[in-house]
Amino acid sequence: MRGVNYLLNRNKMTDTPKNEAQDAAEKPDYKDTVFLPKTAFPMKAGLANKEPAILERWENIGLYEKLRENRKGAEKFILHDGPPYANGNIHIGHALNKTLKDLVVRSQSLLGKDAPYVPGWDCHGLPIEWKIEEQYRKKKRNKDEVPPSEFRAECREYADKWVDVQREEFKRLGVMGEWDRPYLTMDYHAEATIVSELLKFAESGQLYRGAKPVMWSPVEKTALAEAEVEYEDITSTQIDVAFEITAAPNAPELQKLIDAGEKIHAVIWTTTPWTIPVNQALAYGADIEYVLCDVRKKVDINWIDDASTEITTVGSDTFDAPVRKALVALSEIDGIPWQLVKALDERSSFSIHYNDRSPIIKGSELAGAMAKHPMADRLSVPLPDGERLGEGVKPSDEHPHPTLSLKGDGLKDVSFFTKPRPFLDGSSFVTTEAGTGLVHMSPDHGEDDFDLCKANGINPVFAVDGDGVYREDWAWLPRGDERAGSVINKKFTAKDGPICSDLRDAGALLSASDDFQHSYPHSWRSKAKIIYRCTPQWFVPMDKLSKTKEPQEVTDTVRPEPVEGQSAPHASTSSAGTDDVQNEANELTLRQKAVKAIADTRFVPEKGRNRISSMVEGRPDWVLSRQRAWGVPIALFLDRKTGDYLNDPVVNARIIEAFKTGGADAWFNADHQEFLGDDYNLDDYDIVTDILDVWFDSGCTHVFTLESDIWPSQSWKADLYLEGSDQHRGWFQSSLLESCGTRGEAPYKAVLTHGFTMDKNGKKMSKSLGNTIDPKKIINVNGADILRLWAASVDYTEDHRIGDEILKGVTDTYRKLRNTFRYMLGGLSDFEESERVAPSDMPELERYILHRLAIVDAQLKEHINNFAFGPYMRTLSSFAQDDLSAFFFDIRKDCLYCDAPSDPKRQAYRSAMDILFHALTRYIAPVLVFTAEEIWQSRYPDENDSIHLKVWPEVDAAWQDDALNDKWALIREARVAVTEAIEPLRRDKIIRSSLEAEVQYPLQDLPISSEEFTELCIVADLTDGALSVTKTEHHKCGRCWRLLPEVSEDGDLCGRCEDVIHG
RNA sequence: GGGCCGGUAGCUCAGUUGGUUAGAGCGCACCCCUGAUAAGGGUGAGGUCGCAAGUUCAAAUCUUGCUCGGCCCA
């Protein structure tokens, strides 16, 4: 009946209900006598609006500087910022990275350390240059007509603009740091340091000039760093080309046929037809078996000969006649023989025939064999005007350094094409997985090619100009030829393009089709295809011995010999007369130093160590040079006679001085004779105008920031570098190599890497997919604290996701936390020092909670030191939720609301709550930077103060009480059993509030009194017995709402409340 | 194509050297409270641990293959 009445009355909202509850309402209303929580702290956060004001106040009071002052003399923690590129608005990846950095800095600072943060930007480089050029194009201005200094000034201005934009975006995230004085790689002092570091490499012999195939973009006309290249699937032209074998001294079977006048060809397969005009050799695998097949024109009955009837046909046409013999790898693939031959037959416009009697040649037999370039005969027939033959040597603008031999044999005439192509042993890279098992070699355009040819004395010929067109003096398809084109031009290399057509005319093209799909490198900026191209570049050798510590002095007689192409096996720098024994002991290669430095570094997570190790172990020499304008020049003078760079510390010192006052422009605009002084004559030297790889710039940030006088707060080496996992190849490595080269050790003690942020489905974000999430939007809708809480919640060591649902979850977590603080603020209103109770005098419940706090405190500290922010927030959140909100606060609600303010129990509770408040506000401060401040200011309003100046709360070791914990673990377990037992009655509407429940529970198992347990379970009465629950017969106190035997009628006061109200 | 890393409830994450019925918080559903109230408390439903084999008395955990995703490389 009761339940029914209740429901009926509920439905008639406007009526004056007549039931027991309402009867009670006619009794005096005691609400005003209850000590309800009082606070102005709003439940609703409104972060998006509040945060900017809080930021402004921090700026006004100089919070960052205050903190520095505050932590003066404390142990330092230096997180050295990895510079983002000053181009474009920040994206979610920046937001995660900078937030994690801020979490580290603030949490270390909270632990009492002096943790300054100097943010930085990477300002030089191609992308900015490109932007400026783009602006020129729009204005129809020709870049080449703009004075370099003006161009560079515009780049500088552009970078400055984006530094300002990003700075504001980072600040809005709540990232605290020295924003008024960030480091920029384009600052003059930075540029001076970069060049001085470069000269350290030069002075210690760790620099050489060589030619090597580098990734080259014909569109941007520059060498690209690996980081500037991306791979994309494209369709290329694949061709099979026949090279006539002219001699095979170690393959008697072949030699016999050759001597008999047979035409025997080596067949090569390539997807870069444009490298054929630069071919210089052929490579075989020594252990690969090759079969000599017959190649026949299809449907050419006139060529039939007797032998043909006995030959097994792979192709469909048995009427073909042999016109050639072709050598192709004989190999099994997946247990099926002849696969490569069959594949060749399929794509070829000829048919390929073989049988059991076809000669088998072992790869090693090809040693010493020679072939002819397919165009050799054709090009040696002069054209009427002679143009295609080339006309003598013209020094190329591309290769202004005469000391490096850039002269290929093809310069003068067609002899480049007519000279024999040797067969070389390419076992290390030649496979039979695709192609023909024979590989054509062009040292200009492939790393394997370059290395193998170099080892056999064949040098690159630099046939392809920077824009991708064959040189003007090249014999085949040179610049100026009406059919000439860029090698990345699809039409130029197509099956009907000039290369294939000429090869076809020469009878050397077995197949050509524009249908080979593969992934191919592209410039990340222009998206255009790139090529491997040999150019003179500056390198840092990875495997050249040098001292672990710099020589004290370098005399001007020391001239490291630049080694072309390869690193020298021994250092050439040791000054005469120094102790060679000690020298040798100290000598390590850069690679060895780096490997050792990695072993000495802490990696978080540990798996990062493998990753960078394997990269450092396998990487090639570091290409330092770029043929661009916006960057720090490789400030060297080249001796015109010897090709060596001038290595005079006195000259170098002058250069560095000039950079300090004039930046990199000091090099481009200088009177170079002044640098050289009286000792050298500028006429004897070429001035290097290449600029440095931007990764060298960023590799130097540790020098010009940590060691600089500009930031007295900084010191070498950094405690931590913190970046995305892509930086194993980027900044972590460039910094490591730079530092190992100049200092012999890493610039960091620890490296922390994080994964990438994916969309809600775990897919990579991209503009084209339209699944990007703008951090600014999150900040403007939810607030930066929500974004920060998200960053602190996910497992950043792996890839992680963000999306609406995830953000909603984060917001919910935030709200719970916020409310817990709001409750504490309300409960602590008017809390006075005079009512403080010492923890040792508190009831067990309070002491148990303080024990939990001590445990949590220790866990949180450990999480911070492991940079484990996810576990940190989860520990914190569940403490607030489970231990406090659902347990401690719920139980003590009655005490807080209804006990007299003078009651020691209530005072003890409030004292415990005060301790919790101080601890928790500090705990959340590194993550919820704005909310923590709002909470703090709500209780302790002080314009000049901030929660962020505080240090980690002091937790008394005595609070930890494991015996108490064990006891209360039992009690809490019993409490759960009781609440579970109440639930069915509640569901059946027998009771509503747990306060109406009368419970029997086997108390003999519990170390607690019946009265205490009653209070803990928030029930009417709890007595010993088998577990059972009934509705109590007691009546409800009008003030505290407890149902007690002493209350004779609902709405009357219980004894406790009587005392509180009437004394 | 190669190397490395990862895939556990709707979401974020725990799951020690293989060992009971795979856990937590949030969300969700339902209930209570209406004196933390766009809050608070309780109960409950959710998982073939990416898939498939194998090793073992026993596999989320070890092995292999596959698949999906990511980073790096080619």
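Computed from heavy atoms alone, side chains included, the values below leave out hydrogens, waters and symmetry copies. Just so it is clear: chains get the letters A, B, ... in the order the sequence lines come, proteins before strands, and each one is counted from 1. These figures come from a predicted structure and were not determined experimentally.
- Pair assignment for B:rG46 gives none, since no Watson-Crick or G-U wobble pairing has each distance under 3.5 Å.
- A:Met758 places its CE atom 13 Å from the P atom of B:rU12, with the value rounded to the nearest Å.
- Set against B:rC26, B:rU43, B:rA36, the side chain of A:Glu983 has B:rU43 as its closest nucleotide.
- A:Arg972 places its CZ atom 10 Å from the P atom of B:rG42, with the value rounded to the nearest Å.
- With C1' as the reference atom, B:rA39 and B:rC33 are 11 Å apart, rounded to whole Å.
- Checking B:rC30, B:rC73, B:rG35 against every side-chain atom of A:Arg987, the shortest atom distance belongs to B:rC30.
- The stacking criteria are not both satisfied for A:Phe756 over the base of B:rG70, which would need a centre-to-centre distance under 5.5 angstrom and an angle between ring planes under 30 degrees.
- Checking B:rG41, B:rC71, B:rU43 against every side-chain atom of A:Arg986, the shortest atom distance belongs to B:rG41.
- Residue A:Arg1039 is in base contact, counting any heavy-atom pair closer than 4.0 Å across all strands shown.
- Between A:Tyr30 and B:rG35, a side-chain N or O to OP1/OP2 separation shorter than 4.0 Å is absent.
- Rounded to whole Å, the separation between the P atoms of B:rC62 and B:rG2 comes to 24 Å.
- Between A:Phe41 and A:Phe821, the ring centre distance reaches or exceeds 6.0 Å.
- Between A:Arg788 atom CZ and A:Leu100 atom CG the span is 9.5 Å, to the nearest 0.5 Å.
- Between A:Tyr872 and A:Phe869, the ring-plane angle classifies as perpendicular under the 30° and 60° cut-offs.
- Closest contact between the side chain of A:Arg992 and the listed nucleotides B:rA36, B:rC31, B:rC33 involves B:rC33.
- Taking only side-chain nitrogens and oxygens, A:Lys607 never comes nearer than 4.0 Å to OP1 or OP2 of B:rC5.
- Between the side chain of A:Ser885 and the base of B:rA36, at least one donor-acceptor pair of N or O atoms lies under 3.5 Å.
- Contact check, A:Ser793 against B:rC13: no side-chain N or O comes under 4.0 Å of OP1 or OP2.
- Using atom C1' as the reference point in both B:rU48 and B:rA60, the two lie 12 Å apart (nearest Å).
- Between the C1' atoms of B:rA74 and B:rG7, the separation comes to 26 Å (whole Å).
- Partner assigned to B:rA52 is B:rU64, using Watson-Crick or G-U wobble distances below 3.5 angstrom.
- The side chain of A:Met215 has B:rA74 as its nearest neighbour among B:rC71, B:rC13, B:rA74.
- Ring orientation note: the planes of A:Phe888 and A:Tyr909 are nearly perpendicular, at an angle over 60° on the 30°/60° scale.
- When each of A:Arg1056, A:Arg892, A:Arg906 is checked for a salt bridge (charged side-chain N to carboxylate O under 4.0 Å, His left out) with A:Asp899, only A:Arg1056 meets the rule.
- Separating the P atom of B:rC71 from that of B:rA59 is a span of 36 Å, rounded to the nearest Å.
- Closest to the side chain of A:Glu798, from the set B:rG6, B:rG40, B:rC71, is B:rG6.
- A sub-4.0 Å separation between OP1 or OP2 of B:rC11 and a side-chain N or O of A:Lys760 is absent.
- Base-pair partner of B:rG25: B:rC11 (Watson-Crick or G-U wobble, both distances under 3.5 Å).
- With B:rA36, B:rA74, B:rU43 as the choices, the nucleotide that has an atom nearest any side-chain atom of A:Tyr532 turns out to be B:rA74.
- For the pair A:Lys764 and B:rC71, the criterion of a side-chain N or O lying under 4.0 Å from OP1 or OP2 is met.
- Across B:rC26 and B:rU43, the matching P atoms stand 12 Å from one another, rounded to whole Å.
- Within the 4.0 Å cut-off from OP1 or OP2 of B:rG41, at least one side-chain nitrogen or oxygen of A:Gln881 is found.
- Comparing B:rA36, B:rG35, B:rG25 against the side chain of A:Tyr823 picks out B:rA36 as the nearest.
- The side-chain tip of A:Arg533 does not point at the ring of A:Phe450 from less than 6.0 angstrom away and within 45° of straight on.
- To the nearest 0.5 Å, atom CG of residue A:Asp914 and atom CZ of residue A:Arg939 are 4.5 Å apart.
- Other residues, nucleotides and ligands contribute more than 12 heavy atoms inside 6.0 Å of the CD atom of A:Glu1058.
- Two residues, A:Asp882 and A:Arg815, neighbour RNA chain B, and the one matched to the more 5' nucleotide by heavy-atom proximity is A:Asp882.
- Side-chain N/O atoms of A:Arg729 include one lying less than 4.0 angstrom from OP1 or OP2 on B:rC73.
- Between B:rA39, B:rC31, B:rU12, one nucleotide has an atom nearer to the side chain of A:Met43 than all others, and that is B:rA39.
- Base orientation of B:rG69: anti, the glycosidic angle falling outside 90° of 0.
- Distances shorter than 4.0 Å separate none of the side-chain N or O atoms of A:Lys816 from OP1 or OP2 on B:rG25.
- Comparing B:rC13 with B:rG50, their P atoms are spaced 15 Å from each other, to the whole Å.
- If you check B:rU34, B:rC32, B:rA39 against the side chain of A:Asn819, the one that comes closest is B:rA39.
- Using a 4.0 Å heavy-atom criterion, one finds that A:Trp1041 contacts the bases of the nucleic acid, with or without backbone contacts as well.
- Rounded to a whole angstrom, the distance from the C1' atom of B:rG19 to that of B:rU61 is 11 Å.
- Annotation: of the two residues near RNA chain B, A:Arg874 and A:Lys763, the 5′-most nearest-nucleotide partner is A:Arg874.
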